[in-house]
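Comments concern the structure below.
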There are 2 protein chains.
Amino acid sequence: MKKTNPTLAEIARVAGVSMMTASRAVNNQPGVSDEKRAEILRIADDLGYVANRAAQRLSGGRSHVIGVIAQLHTLFTSELVLGIGSAGRAANYEMLVYSLSDADNRPPGPILDLLSQIVDGVIVILPFQSDYLASLSNAKLPIVTIDEGNDAPFPKIMTDNYQGARLAIEHLAALGHRRIGFIAGNEGLASARDRARAFHDMRAQLGLDADPELVVHGNFMQQGGFLAAQRLMRLAEPPTAIFAANDMSAVGAMAAIRESKRSVPQDISLIGFDDVSVANHVHPALTTIRQPLTQMSRAAVNTLLAMISGIAPPAERILLSPELVARESTAAPPLEKLSQKPGRKGMTR
Amino acid sequence: MKKTNPTLAEIARVAGVSMMTASRAVNNQPGVSDEKRAEILRIADDLGYVANRAAQRLSGGRSHVIGVIAQLHTLFTSELVLGIGSAGRAANYEMLVYSLSDADNRPPGPILDLLSQIVDGVIVILPFQSDYLASLSNAKLPIVTIDEGNDAPFPKIMTDNYQGARLAIEHLAALGHRRIGFIAGNEGLASARDRARAFHDMRAQLGLDADPELVVHGNFMQQGGFLAAQRLMRLAEPPTAIFAANDMSAVGAMAAIRESKRSVPQDISLIGFDDVSVANHVHPALTTIRQPLTQMSRAAVNTLLAMISGIAPPAERILLSPELVARESTAAPPLEKLSQKPGRKGMTR
DNA sequence: ATGAAAGCGCTAACAT
DNA sequence: ATGTTAGCGCTTTCAT
């Protein structure tokens, strides 16, 4: 309909007020009488006024847009981005995403410079390149990170990975498993290391089989999980349960287990980590440790918005609690394995 | 290092020229002597000059940023976005993504208004909401769509879905399959309809079993594929091969086939569509029809950039050719099935 | 080839 | 409570 978007000046003219009054009304700022404000808002709405965020920002104000720097490669990241989008919108903030490919070694400075021309703050989600963050340090823009970035000097929102892995092992142990395999994640990532540490600690603490063969490398991806589980299935004495460091690995592992003519969970129990949407869509549905994605997004947005309003972030590090989601892929170990438990030592295959 | 970003004015001052000369030099525009240009560029580089895109755009120029409106829910979309990003960068354009959730019914107008303040043009990827596009019609910004949007009045980049589905069926038929199941996609989507149409046409043309039970509904998602394949596996006479309308459906189908104690491809051949990255990571690796994602991204970017420079788009519709990627999930049908072919009619089970 | 002036749409800062 | 002024960083247009 409207040829070109109305500007604040137009609103002001129609309402018979100055631009500043219009600005204050539109931005919910004090200094306008209620009647005038209502009138101006009505007119703005009528005319289909859309504030020019670029101009707002340029003139030193707030654009009410937050930026996200993310690698969109994994479902995990995408879901987080979606969460940030809706959390932002709930706070009347739009979101723009700067997508980084993983092959991407561009220096982050210019990206932040670009973003800072438009957005009021940035949330960084880079699960796969922790070192990247260090170089963002000298930014003149509020920054919050999710998931990684232990070394970076800004607030971090993370799941308690250690606690999550504990939950996983406790769940398997409670079902009666004593011989649990672990498919590790990408060792460059703090999240992977925390999960591994918890696995080892719990294994010791609960007196589970500590066979080193039970720990195999993975890479947080399907293929890595597949290969890892294949190795576990070929052990002289395979585990009765597997804890995969994330869901994608678990999905890969599931295929390998099937390929070895065993079934989940009758022969092998399988538990993942993340509760990414596929977890609920594979068959059997995957028992997993849920990262509270929605909470994480919300915490990130809230922290960022606080920083934008000049309030110091509540904490350098917000640790959110994961949660066990018991679905179909875990069960008690097969009976014959159970009966072997007492005399396990002498057992060869 | 630098406290605040240098502006064009600073560059100009240091170089001892006017802002306009600096602007022209930095933007590779004519009207500057070679020496001056070199000098200015050197200084800009030294000072770490980053153009303020918002200001460029505000003052009526080009920001050299393109926008993408997308639903990041599927791998397919994410990969496309990544492709657009690198195609854009190759043309010296940055990309900003506006992420739409699928639950999202916000009117597109304001989103475009927001984007238009920053970007020079927009690529829309909304495989799951075709109708959305109609409302974008009165935009004052160059727009290109990918994958859907048959009704929308701007250039569309698409894969030749009909041709792709033909390739799939021809492949299966060449292997000797006569009884082919089809897991359909989301019927609201033109892509799904084209693939279905090709399936029916080819089935008739090649004289394959035309049993209506062989066509089952899917939704382009894993779960839908699982359910659909389950139904196929329970038929009195199951197919020897399945064509899933996309890879995610195929992945779901694979699980269902396994669950029915059959194996891929020994008992059942399976072919997908898209060649999303999981296709190569499932086990067995999925034979599929590749959508030329990279080409599509590049075509979209090129078309958009042409429109931005005021050149009329080359075509209202660019149809790219899909390609068969034969991997491990397809093979000749089992011998006993093959031998039944002549007398199939009398066979019950 | 170069520069000066004007203005994009908006908001801080300082009026009144 | 409201308005005026100045300016954000840039590019257009119109000089020279």
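Proteins come first, then strands; the chains are lettered A, B, ... in the order of their sequence lines, and each starts at number 1. Just so you know, these numbers come straight off a predicted model, no measurement behind them.
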Rounded distance (Å) that lies between atom [atom2] of [N] and atom [atom1] of [X]:
X	N	atom1	atom2	answer
B:Arg13	D:dG9	CZ	P	13 Å
A:Arg53	C:dT11	CZ	P	11 Å
A:Leu58	C:dG9	CG	P	12 Å
A:Met19	C:dC14	CE	C1'	16 Å
A:His64	C:dG9	NE2	P	20 Å
B:Asn52	C:dG9	CG	P	16 Å
B:Ile11	D:dG9	CD1	C1'	12 Å

Fill in: Among B:Asp113, B:Leu115, B:Leu114, side chain to side chain contact (heavy atoms under 4.5 Å, CB included) partner for A:Arg53
B:Leu114

Worksheet item: Of the options A:Ile125, A:Leu112, A:Ile123, which is the one that meets A:Ile69 in a side chain to side chain contact (heavy atoms under 4.5 Å, CB included)?
Response: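 By the side chain to side chain contact (heavy atoms under 4.5 Å, CB included) criterion, A:Ile69 pairs with just one of A:Ile125, A:Leu112, A:Ile123: A:Leu112.
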
Options [options], nucleotide nearest the side-chain atoms of [X]:
X	options	value
B:Ser59	C:dC10, C:dT2, D:dC10	D:dC10
A:Val17	C:dG9, C:dG3, D:dG3	D:dG3
A:Gln56	C:dT2, D:dG9, C:dT11	C:dT11
A:Ser23	C:dT11, D:dC10, C:dG9	C:dT11
B:Ala55	C:dC10, D:dG9, C:dT2	D:dG9
B:Met20	D:dG7, C:dT2, D:dT13	D:dT13
A:Lys36	D:dT2, C:dT2, C:dC10	D:dT2

If you look at every strand shown and take non-hydrogen atoms under 4.0 Å, does [X] touch a base, only sugar-phosphate, or nothing?
X	answer
B:Gly61	sugar-phosphate
B:Ala54	nothing
B:Arg24	base

Worksheet item: At under 4.0 Å, does any side-chain N or O of B:Thr21 touch on OP1 or OP2 of C:dG3?
Response: yes

Worksheet item: Taking OP1 and OP2 of D:dC8, is either one under 4.0 Å from a side-chain nitrogen or oxygen of B:Thr7?
Response: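 Answer is no, no contact under 4.0 Å.
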
Item to complete: May I ask you to decide whether B:Lys36 forms a salt bridge with B:Glu39, counting only side-chain N to carboxylate O separations under 4.0 Å?
Response: no

Worksheet, complete the sentence: Ranking B:Gly60 and B:Gly16 by the position along DNA chain C of their nearest nucleotide, the one closer to 5' is B:Gly16

Fill in: Of A:Leu8 and B:Ser18, the one whose closest DNA chain C nucleotide lies more 5'
B:Ser18

Discussion item. At a heavy-atom distance below 4.0 Å, what parts of residues 37-45 of chain A sit against DNA chain C?
Written reply: none

Worksheet item: Okay, side chain of A:Gln117, backbone of B:Ala51: is any donor-acceptor separation there less than 3.5 Å?
Response: yes

Discussion item. Please tell me whether A:Glu94 and B:Tyr98 have a donor and an acceptor in their side chains that are separated by less than 3.5 angstrom.
Written reply: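 There is such a pair (donor and acceptor under 3.5 Å, judged by atom type) between the side chains of A:Glu94 and B:Tyr98.
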
Worksheet entry | Residue pair A:Asp160 / A:Ser321, side-chain donor-acceptor N/O under 3.5 Å |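 Their side chains do not contain a donor-acceptor pair, so the 3.5 Å distance test is not met.
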
Discussion item. Test: salt bridge (charged side-chain N to carboxylate O under 4.0 Å, His left out). Region: residues 26-35 of chain A. Which pairs qualify, not counting sequence neighbours?
Written reply: none

Practice prompt. Would you name the heavy atoms of A:Thr77 and A:Ala70 that are closest together and state the gap between them?
Written response: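 Closest pair (atom of A:Thr77, atom of A:Ala70, distance): CG2-CB, 3.9 Å.
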
